[in-house]
There are 2 protein chains.
Amino acid sequence: MSTQTSISQLSIAEENYLKAIYKITEQSDRPAATTAIADHMQTAAASVTDMLKRLADKKLIHYERYKGVMLSAQGMKIAKHLVRKHRLWEVFLVEKLGFGWDKVHDIAEQLEHIQSPELVERLNEFLGHPRFDPHGDPIPDAEGRFAERQQVLLCKLAEGERGVIVGVAEHAPSFLQFLDKLKLVLGTQLTVLERFEFDDSMRIQIHAHNEVLLSSKVTHNLFVQRII
Amino acid sequence: MSTQTSISQLSIAEENYLKAIYKITEQSDRPAATTAIADHMQTAAASVTDMLKRLADKKLIHYERYKGVMLSAQGMKIAKHLVRKHRLWEVFLVEKLGFGWDKVHDIAEQLEHIQSPELVERLNEFLGHPRFDPHGDPIPDAEGRFAERQQVLLCKLAEGERGVIVGVAEHAPSFLQFLDKLKLVLGTQLTVLERFEFDDSMRIQIHAHNEVLLSSKVTHNLFVQRII
DNA sequence: AACAATTTTTCGATTGATCTAAATTGCGAA
DNA sequence: TTCGCAATTTAGATCAATCGAAAAATTGTT
């Protein structure tokens, strides 16, 4: 057993900062800048600096002034647990309560702060140990491990290639509602009929008969798994 | 349609005070005293006075200094909505996630602060519109109306009378665990075999064969519905 | 290398929620 | 009726979280 710091009761604000730092550093693997965090959290840069000092005192981040910030092992653990909770609750809201995938983010944003390890594990059980959330994002397991998946952006597919929609890179409700309208939901199979270089758009065949023209914006935000 | 004040985004602290005032005034119908609130919330009396001023400014309570406090119509509405959410979440935790009835209070205490009217109504639907929570307490409907039920304390039953357990007055985990041990769960039918005046205890028949002696403390905290 | 632009931090202040200690009010008993 | 105690409020302080403005550090450009 490791030296359990009892998941050190954090405030909601502190948890939100950890999650923001996680999201920012997740992509680039480089330290998160103060302004990047401020942008992500819709707060003033001065507020971020204050909080970084507090989080550093609690050993949740590695912080040197003017140098950006990285999560410590403990901070990473908490951040991943928050992501786990967020995504499990999203599955609950969509699968059990029937919410649309465009409506669940804000509610899950609140639910992820509920403190109860047993609740999380029972919820996971109740949902059948889902590995992906309603947007196709992987749900880390209790130890913080993510499921891997062969996925590429739709824009990477060549003419004639087939794929199945497995996720979205963009989570804006308007984008998700647009996908609903076009019946481009997770699990949908498609074939690339034609690619137009001049504007990066693609003509796509969905199911048997439907055929749609997708803009660059769309093809760059849809994850598919190739079907060979 | 009424003049929806948009359920005026309150802080968790404010919501907790409203609920405490609700619980205290619910029984006696007389104004809640500052110290009663302080006891209930485990805070200093001075903190209560501060908060009462803030809640009075927001028109959620009727407050005159030194005179105690009552909920306003708006405050009552919010308090009842909190009770509704709390009890619905308790049903969820017990019925869907398999928690024991002695484990759900603290988690529901957190979940009741989640803000989303749609979530509450979908949860209610999902749970099959329950009218009572796992402890037998009534769940107010969306308009704040409670279900009525013919219930009396077990200690009110005469020798020979029969009843079915429908609720508990005391919610302490230790009491609930004790009831579990004795298989005195909600829905259990029982018959009063004998009453002992000297210590107010009762000999009770449960199901077909079981027979137990219940102390005054127990019989004064179990609600039963008479079977005629 | 020097300087201008940008980023980040510091400073001083505010708000909400809390506390202890001191002052005030209300009420019951003598 | 008044005196004393308990309840309540006020006063003054703290802590977390936030802000705008000013100062400091870094970065990039010439």
Side-chain angles (χ1 to χ4, degrees), chain A residues 7-21 24-25 28 30-71 75 78-79 82 109-110 112-113 115, chain B residues 7-25 28 30-71 75 78-79 82 109-110 112-113 115:
Chain A
I7 312 183
S8 53
Q9 209 75 319
L10 298 179
S11 71
I12 289 175
E14 287 169 324
E15 289 194 341
N16 284 335
Y17 274 95
L18 289 182
K19 227 183 75 171
I21 296 165
I24 293 165
T25 53
S28 62
R30 311 191 50 240
T34 302
T35 36
I37 300 169
D39 284 357
H40 199 281
M41 309 225 9
Q42 308 265 69
T43 53
S47 312
V48 176
T49 303
D50 278 0
M51 180 58 90
L52 293 186
K53 285 188 225 164
R54 262 173 274 148
L55 292 175
D57 285 348
K58 297 193 179 186
K59 312 272 188 211
L60 299 174
I61 57 174
H62 298 299
Y63 170 57
E64 248 181 304
R65 62 199 193 319
Y66 295 105
K67 297 272 180 81
V69 63
M70 292 284 284
L71 292 174
I78 294 170
L82 286 166
E109 205 74 6
Q110 297 179 63
E112 75 190 4
H113 298 293
Q115 309 261 332
Chain B
I7 312 183
S8 53
Q9 207 76 320
L10 299 179
S11 72
I12 289 175
E14 288 170 323
E15 290 194 341
N16 284 336
Y17 274 95
L18 289 182
K19 226 183 74 171
I21 297 165
Y22 174 76
K23 296 260 181 214
I24 293 165
T25 53
S28 62
R30 310 192 48 241
T34 302
T35 36
I37 300 170
D39 284 357
H40 199 280
M41 309 224 12
Q42 307 266 67
T43 54
S47 312
V48 176
T49 303
D50 277 0
M51 182 57 91
L52 293 185
K53 286 187 223 164
R54 261 173 274 147
L55 292 175
D57 284 348
K58 297 192 179 187
K59 312 271 187 212
L60 299 174
I61 58 174
H62 297 300
Y63 171 56
E64 247 181 306
R65 65 201 188 316
Y66 294 105
K67 299 269 181 83
V69 63
M70 293 283 283
L71 292 174
I78 294 169
L82 286 166
E109 204 75 4
Q110 298 179 63
E112 74 190 5
H113 298 293
Q115 310 259 319

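Note on naming: letters A, B, ... go to the chains in the order of the sequence lines (proteins, then strands), and numbering restarts at 1 for each one. Just so you know, these numbers use all the heavy atoms, side chains as well, and skip hydrogens, waters and symmetry mates.
- Comparing atom distances between the B:Ala33 side chain and each of C:dA17, C:dT8, D:dT8 picks out D:dT8 as nearest.
- For A:Ala46, whose side chain is taken as the heavy atoms from C-beta onward, the closest listed nucleotide among C:dC11, C:dT18, D:dT18 is C:dC11.
- Taken to the nearest 0.5 Å, the CG atom of A:Asp39 stands 8.0 Å off from the CD1 atom of A:Ile24.
- As rounded to whole Å, 14 Å separates atom C1' of D:dA25 from atom CD of A:Glu64.
- Atom CD1 in A:Ile37 sits roughly 9 Å away from atom P in C:dT9 (whole-Å rounding).
- If you check every strand for non-hydrogen atoms under 4.0 Å, B:Thr35 touches sugar and phosphate atoms only.
- The nearest whole Å value for the distance from the CG atom in B:Asp50 to the C1' atom in D:dA11 is 10 Å.
- In this structure, A:Ala44 reaches the sugar-phosphate backbone alone: every heavy-atom distance under 4.0 Å involves primed, P, OP1 or OP2 atoms, never a base.
- Counting non-hydrogen atoms under 4.0 angstrom, A:Ser47 reaches a base of the nucleic acid.
- Side-chain contact check for A:Leu18 versus A:Ile61: some heavy-atom pair is nearer than 4.5 Å.
- For C:dT9, the OP1/OP2 oxygens have a side-chain nitrogen or oxygen of A:Tyr63 closer than 4.0 Å.
- Note that CD1 of B:Ile37 is 10.5 Å distant from CE of B:Met51, once rounded to the nearest 0.5 Å.
- OP1 or OP2 of C:dT10 sits under 4.0 Å from a side-chain N or O of A:Lys53.
- Distances shown here put every side-chain N or O of B:Tyr17 at or beyond 4.0 Å from the OP1 or OP2 atom of C:dG16.
- Heavy-atom distances to DNA chain D give each of A:Met41 and A:Arg65 a nearest nucleotide, and the one nearer the 5′ end belongs to A:Met41.
- One atom, CG of A:Leu18, and another, P of D:dA17, lie 11 Å apart when rounded to the nearest Å.
- When the nucleotides C:dA17, D:dT10, D:dG20 are ranked by their closest atom to the side chain of B:Thr49, D:dT10 comes out on top.
- The interatomic distance linking A:Asp57 (CG) with D:dC15 (C1') rounds to 14 Å, in whole Å.
- Look at B:Ser11 and you'll find a side-chain N or O under 4.0 angstrom from OP1 or OP2 of C:dA17.
- Here the P atom of nucleotide D:dG28 and the OH atom of A:Tyr66 are 16 Å apart, to the nearest Å.
- For the pair A:Asn16/A:Met41, a side-chain contact is recorded, criterion being any heavy-atom separation below 4.5 Å from C-beta on.
- Backbone-only engagement by B:Thr34 is indicated by non-hydrogen atom pairs under 4.0 Å involving sugar-phosphate atoms exclusively.
- At the phosphate of D:dA16, neither OP1 nor OP2 sits under 4.0 Å from any side-chain N or O atom of A:Arg54.
- Counting heavy atoms from C-beta outward, B:Ile78 and B:Tyr22 have side chains that stay 4.5 Å or more apart.
- Rounding to whole angstrom units, CD of residue A:Glu14 and P of D:dC15 are separated by 15 Å.
- Across the protein-nucleic acid pair, A:Glu15 atom CD and D:dA17 atom C1' stand 15 Å apart, rounded to whole Å.
- No engagement by A:Lys67 is indicated, since no non-hydrogen atom pair under 4.0 Å with the nucleic acid exists.
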